[in-house]
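Below: one structure, written as structure tokens.
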Amino acid sequence: MTGMEYGTFTIPAFCGFGLHLELDGFRLAYTLIAVLMWAVSGVFSGEYMAHYEKRSRYYLFFWLTFLATAGVFLSADLYTTFIFFEIMSFTSYVWVAFDEKKESLRAAETYLAVAVIGGMVMLMGLFLLYHQLGTLEMSQLCQAASEVKEKGLLYVAGGLLLFGFGAKAGCFPLHIWLPKAHPVAPAPASALLSGILTKTGIFGIIVVSCRIFGADRYWGLLIAVLGIITMFLGAFLALFSVNLKRTLACSSVSQIGFILVGIGMYGLLGAAGENPSMAARGAFLHMVNHSMFKLVLFLCAGAVYMNLHQLDLNDIRGFGRNKPVLKFCFLMGALGITGVPLWSGYVSKTLLHESIVEYQMLLMEMGEGTAAGLGMEAAGAAVMGAARRASGALNVLQAWIQSPGFWKAAEWIFLLSGGMTAAYMLKLFVAVFVEKHPDRQAEFDAMSGCDMKKSSAAVLLIPALLILIGGAAPSVVMDRLADLGQGFFLAEGMEHPVVYFSLVNLKGSLISLGIGLLIYFAGIRRFLMKENRYVDVWPKWLDLENMLYRPVLQTGLPNVCGAVCSLADRYLVPVTVKVFLAVSAAGCRLMDSLADGLIRLARATTHRQLREPVFRREEDRAAQTLGRFLDGWNLAWFRLKGGKRSGREKPASRIPALMQKEEIFLRVGQLVEESFSFGLLLFTAGLCLTLGYLLAVFFRM
């Protein structure tokens, strides 16, 4: 084996390329996580899918998706990533459309549209990236990108790849499939869609961010801002949801935002000359934690749905009051995703929070004289260049975004998003496990001990306990796991160990928990509940897919294309045709005049040669010889035909020699003229075909 620490493997002869697989610490960790998640979901599926007639189809695509997902995480180049990425998108589509209901098919349509469009955009990015760097090997991207001086096209390629990977990750504004696909998919499939398939998108974003752009300030800023928006928006949407699985789906959007913030801070800290290991470790650990959180929470939601076939909080209220295993597992997931100390989510969120604080303090130390924190010596040059190229308003905006004040606001958005996470998870736990159902509570209590089989409960306890163990012993478990995965980010080790339970680090978690309690009691209980019922006050029309994407793709884009084609057909094509015909006609007239001149010259020369002695026209001997040859050939032809001519028959002997020769030369001249005209016609046709071919090649480029 060759390659990195664990080795590189190649599957040859696929579409003319090899599928390159590689194993390092990050890939090993996520391959084992994939095995764990599919094993737990597979055991749980045995009970969950028992009453479905089409479960064979489910299991077929269940394992095909596993192979494709493992292929993504093990891929050593972006071509291999793309191949497995697209396979995974199509096989997981069956999960979303599984029950074939109207809602399921519409959600599956959205999921497939985002996946296909994202995949095609990603492919364009790969073409452009290969053109720029000459390689798609992940181990070579960093060196190849560092040698590119003009990074304009490199940013374009990175943006296209970010679009494709961000669509699968659920990054704003391509998050629209998550809140719709998860509620309709089977619960074990939802756990995998949210817990690990979104991480394949994050995997690609890490490759682009850390291996192509690395310590690039502007790219890091882009990822961080997208992460902040995604983090806040997902948590805000989850507050209003009254559907158990939809709330968890919106929560996934928010947690993906937390991870993106860590990736963005990696680039910003690296650009400022600082060690970005804290951000890299936080992003990786939150990826792992979120996989465990959503595995537990979605399977708990599956246990509720197995028994009640309902997910509305008002219908499932009080179901888990007397079900200790279900309550314990859900509580572990809820405390972990909230970031409560002693649970694993606290560790990763602390690292992410501290990376924001570290960058903020760095900007403050650099001071306003360092161009509002653009970074070291390059900062001043960047600001001066921006002042020359852009307007004053743009400079002010750029300076504000890269100032300590902006990152102080980003820190508070981070804490507020954590508080909203605490609020909606508290809402779910109280609704399902604390409150009583007004009508069916006795029925729910009678189901105690029958909510899950022992096998399902046993496998569900495994990830729930891992969440607790990781948070209770962060230095033993979480730090070692981070050491295993940070190399994929090209990050170095930490300069000093993190004291997770110090007062400074506990402060951030306590602020988020305080905000969460305030939002729950002053917001949810007061404004999102009426007559002791949870109400969904979110406007139905306020849907990004229905407001923007579908109108643009179904109406706007076809109308624009139709208008462009209509204008082209009405104005551009006729003008182009007229110009082409005019040019062609002028060319034909010019060539025809030239041909007439040549023919007249040939006739005059031949006639003159026939009338004058040879010794007087020595310089025309070649033309005279050619004329006599043609004259003899035509006379022989007429004798062979019996002297027949058009009109009436006349013996050749009765025609005066001079007149006979004149007739012959007139016919020869006419023959030459007709042949030249036919050749000119063929030349014009060939020219048209050549121009058509060149236009076709041009529009394919």
Side-chain angles (χ1 to χ4, degrees), residues 78 125-126 128-136 138-166 169 171 202-229 259-280 282-284 352 355-356 358-360 362-363 366 370-386 389-390 394 397-399 401-403 406-407 410 486 488-492:
L78 289 174
L126 291 179
L128 190 56
L129 183 67
Y130 187 81
H131 174 72
Q132 287 290 295
L133 304 184
T135 182
L136 295 179
M138 295 180 191
S139 60
Q140 301 176 12
L141 290 177
C142 186
Q143 177 64 30
S146 65
E147 297 173 357
V148 177
K149 296 181 180 179
E150 296 295 333
K151 292 194 174 183
L153 288 178
L154 195 61
Y155 281 119
V156 174
L160 295 174
L161 293 174
L162 177 62
F163 184 98
F165 288 121
C171 172
I202 295 295
F203 173 86
I205 294 175
I206 293 172
V207 173
V208 176
S209 300
C210 300
R211 307 222 170 187
I212 297 177
F213 295 101
D216 187 289
R217 179 177 56 255
Y218 298 107
W219 184 265
L221 183 63
L222 171 64
I223 301 299
V225 170
L226 287 176
I228 291 170
I229 296 173
I259 299 170
L260 291 176
V261 167
I263 299 173
M265 298 313 300
Y266 172 92
L268 291 171
L269 288 170
E274 293 295 312
N275 184 357
S277 295
M278 184 178 295
F284 173 68
L352 294 174
S355 67
I356 299 176
E358 181 182 357
Y359 188 65
Q360 177 190 339
L362 179 64
L363 296 179
M366 294 166 65
T370 318
L374 283 177
M376 299 301 179
E377 298 177 355
V383 169
M384 294 178 63
R389 295 191 303 269
L394 183 60
L397 177 62
Q398 184 183 25
I401 290 177
Q402 297 176 347
S403 67
F406 175 83
W407 292 103
Q486 71 177 5
F488 186 75
F489 291 77
L490 303 181
E492 300 176 356

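FYI, the numbering just counts along the sequence from 1.
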For a ring-ring contact (aromatic ring centres under 6.0 Å, His included) check, start with the C-alpha distance between Y155 and Y218, then their side-chain angles and the critical distance, and finish with the verdict. CA-CA 10 Å; Y155 281 119; Y218 298 107; 7.4 Å; no
For M265 and Y359, run side chain to side chain contact (heavy atoms under 4.5 Å, CB included): C-alpha distance rounded to whole Å, both residues' side-chain angles, the deciding distance at 0.1 Å, then the answer. CA-CA 8 Å; M265 298 313 300; Y359 188 65; 3.4 Å; yes
Given side chain to side chain contact (heavy atoms under 4.5 Å, CB included), test L129 with T135 step by step and report yes or no. CA-CA 8 Å; L129 183 67; T135 182; over 6 Å; no
I need the minimum non-hydrogen distance between L128 and L153, along with the two atoms involved. CD2-O, 3.7 Å
Taking all non-hydrogen atoms of both residues, which atom of L154 and which atom of F213 are closest, and how far apart? O-CZ, 3.5 Å
To the nearest 0.5 Å, tell me how far L221 CG sits from D216 CG. 10.0 Å
Does the pair C142 and I212 meet the rule for a side chain to side chain contact (heavy atoms under 4.5 Å, CB included), with working shown? CA-CA 5 Å; C142 186; I212 297 177; over 6 Å; no
Measuring from atom CG of L352 to atom CD1 of I259, what distance do you get when rounded to the nearest 0.5 angstrom? 8.5 Å
Please determine whether the number of non-hydrogen atoms from other residues, nucleotides or ligands lying under 6.0 Å from atom CD of E150 exceeds 12. no
For residues L162 and I205, determine if any side-chain heavy atom of one lies less than 4.5 Å from a side-chain heavy atom of the other. yes
Spacing of I263 atom CD1 and S209 atom OG [to the nearest 0.5 Å]: 5.5 Å
Nearest-0.5 Å distance, NZ of residue K149 to CD of residue E147: 10.0 Å
How close do G227 and L260 get, heavy atom to heavy atom, and via which atoms? CA-CB, 3.6 Å
How close do G262 and A279 get, counting heavy atoms only, and between which atoms? O-CB, 3.4 Å
If you look at every heavy atom in L226 and C171, which pair is closest and at what distance? CB-SG, 4.1 Å
Which value, rounded to the nearest 0.5 Å, describes the distance between E274 atom CD and L268 atom CG? 12.0 Å
Could you tell me whether the side chain of Y266 and the main chain of C210 form a donor-acceptor pair under 3.5 Å? no
Could you go step by step and tell me if N275 and L269 meet the side chain to side chain contact (heavy atoms under 4.5 Å, CB included) rule? CA-CA 7 Å; N275 184 357; L269 288 170; over 6 Å; no
Roughly how far, to the nearest 0.5 Å, is the CE atom of M138 from the CD1 atom of I206? 10.5 Å
On a heavy-atom basis, which atom in I228 and which in A410 lie closest, and how many Å separate them? CD1-CB, 3.7 Å
Do R211 and F488 form a cation-pi contact, if we require the NZ or CZ to be under 6.0 Å from the six-membered ring centre and within 45 degrees of the ring's axis? yes
For E492 and S277, run side chain to side chain donor-acceptor pair (under 3.5 Å): C-alpha distance rounded to whole Å, both residues' side-chain angles, the deciding distance at 0.1 Å, then the answer. CA-CA 6 Å; E492 300 176 356; S277 295; over 6 Å; no
